[in-house]
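Source: prediction; values computed, not measured. Just so you know, ligand 1 is whichever comes first in the structure, and atom 1 is the first atom listed for that ligand. Quick note: residue numbers are just sequence positions, from 1.
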Amino acid sequence: MPVLPEMPRREALIGGEWVATCETLPVEAPARGEAITRIARGQAEEVDAAVRAAGDAMAGRLGEWSRWSARRRGEWLLAFAATIEADHARLAALECADTGKPLTQARGDISACARYFRFYGGAADKLHGETIPFETDFAVMTWREPHGVCAQIIPWNYPAQIFGRCVAAALAAGNTVVLKPAEEACLSVLRLAELATQAGLPAGVLNVVPGLGREAGAALAAHAGIDHLSFTGSPETGTRVNQAAAANHVPVTLELGGKSPQLVFADADLEAALAAVVRGIIQNAGQTCSAGSRLLVEDACYDAVVARLSERFAALRCDAGERDADCGPLINARQREMLESRLAAARDDGIRVAAAGQLADGAPAGGHFVAPQLLVDIPEGHEVIREELFGPVLAVQRFADEDAAVRLANATDFGLCAGVWTRDGGRQLRLAKRIRSGQVFVNNYGAAGGVELPFGGVGRSGHGREKGFEGLRSYTRLKTLAIRHG
Ligand code: NAD
């Protein structure tokens, strides 16, 4: 067992106090399949108290948040970004142990979390309404007001990053937050919440209730006291929380994953493309909503691409996060078993594994490792090119021309991201217009996670946008003021 970082608190954060719950839940380290600590098991009662505390903070009944100007909120967020950076080593160690991801990736996630607080800290006092030319005896303007109490339900794959993405934007816009992190991994979130209270955030502005999805999560989504819901996770749970929120007429942002294609044309810089293709699928062991899990290759370079990718896949190694290999374990036994059974079914259907990585020498026993795999010879419409597998598995298909490439790219209900690799400028724009997805990257994939870039999907990938200014706007509602001045 490696030396573990000091664990964060086991309670829920409600109204500025750390509150013990009747029961707790074990937290497993995915690299070893062993429990490393316990977290609170919040239930409807704790969720209700947290929503009331967030409502009181919003209304000025608990602390002074409602009197903080936009500039003061921004200054707090900027200072908090520095607090995160000062605690970087401990936060990264927690993220690495808890999610199993390689330490370098965990470090990058903590830096990204700090970047969200810095970006939204700078943006807080730059969120303007408009003036609207109307009849000559009117002055018309719009105000951007906070929704109020923002409920945020987040997943286990990027706890710290998604905390930054959702919490920083909501607070910058003047909201208060009740956050339900995932039961599988939330240690960095609990540490971030600890740091936020120490950094002087008024009581009730940020509340964190760990617990099970079907208990704390369901209670939060259905609570009549929330004014906005942001959910990141699976499409099935997304539908459920959307329905629960609709009963209370609560606006919802859904970020539900994808089956994102990377398209490689023969005129592309293949070296750059293939490096990005591999990174795009093994990052966080493929457990990334924006993973580039499908590769579409033009006939003219198909054999060369598969041969060169096979070499790269065969060289990949899986290991515990702190040993910082190419790929960590999957989050738990359930995810590993689900992926293994889908891979077995794919082999039964004649799909070929062109190459696979391996477990590193000395990797710990008991970890939920699945070696990266390159799948080829895939029949059209097969599950491995339609469904999110959430593992380090790349499905390769070939195409003859642009029309065929677009047809394959759009042959899924998801639409989150796409990568296009070609030197032809006209083709870059034609494809960017025709591919159905929220983000398109040309000659790169993911733009290094840019916090400034609006992010979200179409179809089964969800709706609404997080990140960038668009994300900040989604944490506000517009009020129109029309003054007749005679
Ligand atoms: P999930 O959607 O069930 O969990 C995400 C969050 O929702 C967690 O905080 C969970 O506690 C909460 N939740 C679960 N049930 C709930 C309910 N009934 N009401 C309210 N909240 C609830 O996802 P999962 O079970 O952890 O993973 C299943 C699949 O989802 C994965 O295989 C993967 O395909 C997908 N997934 C996608 C993302 C993403 O970033 N898009 C993240 C995690 C999982």
Aromatic plane relationship, F117 with F163 - under 30° parallel, 30 to 60° tilted, over 60° perpendicular: tilted

Donor-acceptor pair, side chain of T288 and main chain of N284, under 3.5 angstrom: no

Within the 4.0 Å heavy-atom sphere of ligand 1, strictly under, residues: I153, I154, P155, W156, N157, K180, P181, A182, E183, E184, G213, G217, A218, F231, T232, G233, S234, T237, R240, V241, L256, G257, C289, R334, Q335, M338, E388, F390

Ring geometry between Y445 and F441 (parallel below 30°, tilted from 30 to 60°, perpendicular above 60°): perpendicular

Worked check of salt bridge (charged side-chain N to carboxylate O under 4.0 Å, His left out) between R465 and E470: CA-CA 6 Å; R465 296 291 177 265; E470 198 58 32; over 6 Å; no

E340, CD atom: more than 12 neighbouring heavy atoms under 6.0 Å: yes

Over 12 foreign heavy atoms within 6.0 Å of CZ, R386: yes

